[in-house]
Structure formats: C-alpha cells, structure tokens
Amino acid sequence: GENVEQHPSTLSVQEGDSAVIKCTYSDSASNYFPWYKQELGKGPQLIIDIRSNVGEKKDQRIAVTLNKTAKHFSLHITETQPEDSAVYFCAASTSGTYKYIFGTGTRLKVLA
Amino acid sequence: DTAVSQTPKYLVTQMGNDKSIKCEQNLGHDTMYWYKQDSKKFLKIMFSYNNKELIINETVPNRFSPKSPDKAHLNLHINSLELGDSAVYFCASSLGTSPFGANVLTFGAGSRLTVL
C-alpha cells in the first residue's frame, strides 16, 4: 500500500541553526504534500504545503522542496527559534482519494 | 471561533464500556475525518465522510462506528472499549479535492481516550 517515510525521527538543533526534515512517498500519483506542526497537547496545524506543479515554495523562515522524479520532499526551517520545537508531520495525498498518508513524525528540539 | 471542535477533550473509562466522541466544524467543509494517534505519535486515518456519505473506512474493528448527521458533524462511537483503544483521536475536515490534489486538512485539538 501507499506509505510515506519520514526522517529523522528526532532532531536537535541550536537556536539560529537550520533544520531539514525529509520525506519519501511511494504513490507516484500523489500530487499534494502538506506539512503539519503539532505542539504539545494540540492538534496538527498546517504550516506549508506544495502541489505537484511546483518545485519549491517558501514562507518566511520555512520552505518546502519537491522532487517528483525521486518522490522526495523536504521541509527546511532557517534561523530556528525555541518556539519551533514541536513534532512535524509530512503527508502525501492524491486528487479524488480524500486520503492523506502521513509520515511517522519528527520531534524537533531547538536548544536555546 | 473554533474551526473544528471536538468533545470531550479527555475521556477516562473502564474496559468494556461504550463511549462517544463528538466533532463539529464551522468551516463549511464537505469532508470530515477521524484519525487515531497512538503513543508513538503515528497518525492513522480511520474514517472519512463526504457530504454525510462514508468514503473511507480503513481496517478498523467494527466496535468503532462513525455517524454523520449532517456535513458539519461527525461523531465516533466506540463499543466494548479495550485497552488498545487508548489513544488521541483527532477529527479533521477539508473542502474536498481540487484538480491539483486535496485541499487543506484542518484538525481539531484532539480527544485523549484512556481505557483502564
């Protein structure tokens, strides 16, 4: 079946450094790739997404890149801050399926 | 105003009991979901309804029964609760799909179920 692999499972960075989280998807028909941030005790919240007709998207300190050929997509956070500490999930979805396949999550710790 | 609200936030109950979790969205979305998040934080789809019609039903024990009285509400009823049902259950909604893929999934804050 379809799956999404996400690495690393945990990531610790110093405040101000960059963080990169990578995901690989298996279903070549996937065409929508959101990233969610889940803070302690809360539901996942969308932080950025990318569709298959775009290779890169940026929103202030966060960016996402997509390589459709390799079926990889990545989240880049620059100038990390303590409030970036959370669990991050990638996901892949396909038109018409209503199904989002989530990665296994990355726990990011930004050390002050 | 909360976009996707679910109640209760916490639920502690004994094995064998029956319990329900309710979800409501005020976003005007057509599609609603139930996800289960286990202790390792894995997010797994359980059910999805589009305009009150069941469209996704993953391999979930038939002790779990979703009900959608209208497209703004999706409730989850669980019979004969087992220890393994302990998890955080998230309700979510989306506008449906577009030609370029699914639309944004908006989650509720979660309902933590503990079965003793």
Side-chain angles (χ1 to χ4, degrees), chain A residues 1-6 8-10 21 23 25 27-55 57 59 64 66 68 73 86-108, chain B residues 2-7 9-10 21 23 25 27 29-51 53-59 71 74 87-112:
Chain A
E2 307 98 338
N3 74 302
V4 175
E5 292 185 3
Q6 181 171 347
S9 57
T10 60
I21 303 170
C23 287
Y25 59 98
D27 185 357
S28 55
S30 296
N31 54 8
Y32 173 64
F33 307 93
W35 284 90
Y36 286 84
K37 176 183 181 183
Q38 185 177 18
E39 296 175 331
L40 197 61
K42 296 183 179 180
Q45 287 200 303
L46 180 76
I47 55 171
I48 195 167
D49 57 10
I50 192 167
R51 299 187 187 272
S52 58
N53 56 342
V54 174
K57 186 175 177 181
D59 182 4
V64 57
L66 171 65
K68 285 191 296 182
F73 58 113
V87 179
Y88 290 81
F89 291 96
C90 62
S93 188
T94 307
S95 297
T97 65
Y98 298 94
K99 190 182 288 190
Y100 299 72
I101 309 298
F102 281 86
T104 48
T106 297
R107 186 177 297 278
L108 173 65
Chain B
T2 305
V4 180
S5 58
Q6 40 183 125
T7 54
K9 189 169 175 62
Y10 299 99
I21 307 172
C23 180
Q25 54 95 3
L27 297 166
H29 286 172
D30 301 316
T31 310
M32 295 185 73
Y33 309 77
W34 278 110
Y35 278 83
K36 179 180 180 181
Q37 186 173 49
D38 62 23
S39 57
K40 294 184 178 179
K41 296 291 189 183
F42 296 156
L43 271 167
K44 294 288 186 187
I45 181 73
M46 298 175 69
F47 301 104
S48 177
Y49 272 75
N50 179 251
N51 282 318
E53 182 183 342
L54 182 66
I55 54 172
I56 295 175
N57 185 351
E58 290 296 292
T59 309
K71 72 174 193 177
L74 180 61
V88 181
Y89 292 85
F90 286 101
C91 178
S93 70
S94 72
L95 196 51
T97 65
S98 76
F100 295 106
N103 283 313
V104 173
L105 196 60
T106 303
F107 283 90
S111 296
R112 181 177 293 277

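Only heavy atoms go into these numbers, but all of them, side chains included; no hydrogens, no water, no symmetry mates. In what follows, chains carry the letters A, B, and so on, assigned in the order in which the sequence lines appear, proteins first and then strands, with residues in each chain numbered from 1.
Using a 4.5 Å heavy-atom cutoff, the side chains of B:Met32 and B:Gln25 are in contact. Using a 4.5 Å heavy-atom threshold, the side chains of A:Val54 and A:Leu66 count as separate.
The 12-atom threshold is exceeded at CD of B:Glu58, counting heavy atoms of other residues, nucleotides or ligands nearer than 6.0 Å. Heavy atoms from other residues, nucleotides or ligands lying under 6.0 Å from NZ of B:Lys71 number more than 12.
Contacts between A:Gln45 and chain B at a heavy-atom distance below 4.5 Å are absent for every atom of the residue. Residue contact with chain A, scored on non-hydrogen atoms closer than 4.5 Å, involves the backbone and the side chain of B:Leu43 alike. For B:Lys9, the part sitting under 4.5 Å from any heavy atom of chain A is the side chain, from C-beta outward, and nothing else. There is no contact between A:Phe33 and chain B, counting heavy-atom distances below 4.5 Å. A:Pro34 does not touch chain B: none of its heavy atoms, backbone or side chain, sits under 4.5 Å away. Using a 4.5 Å cut-off between heavy atoms, B:Gln6 makes no contact with chain A at all. Both the backbone and the side chain of B:Leu105 have a heavy atom closer than 4.5 Å to some heavy atom of chain A.
Residues passing the ring pair (Phe, Tyr, Trp, His ring centres under 6.0 Å) test with B:Tyr35 are A:Phe102, B:Phe107, sequence neighbours excluded. Looking at residues two or more places apart in sequence or on another chain, you find no ring pair (Phe, Tyr, Trp, His ring centres under 6.0 Å) involving A:Tyr88.
Of all the listed residues (B:Ser48, B:Gly108, B:Ala109), the one sharing the greatest number of non-hydrogen pairs under 4.5 Å with chain A is B:Ala109.
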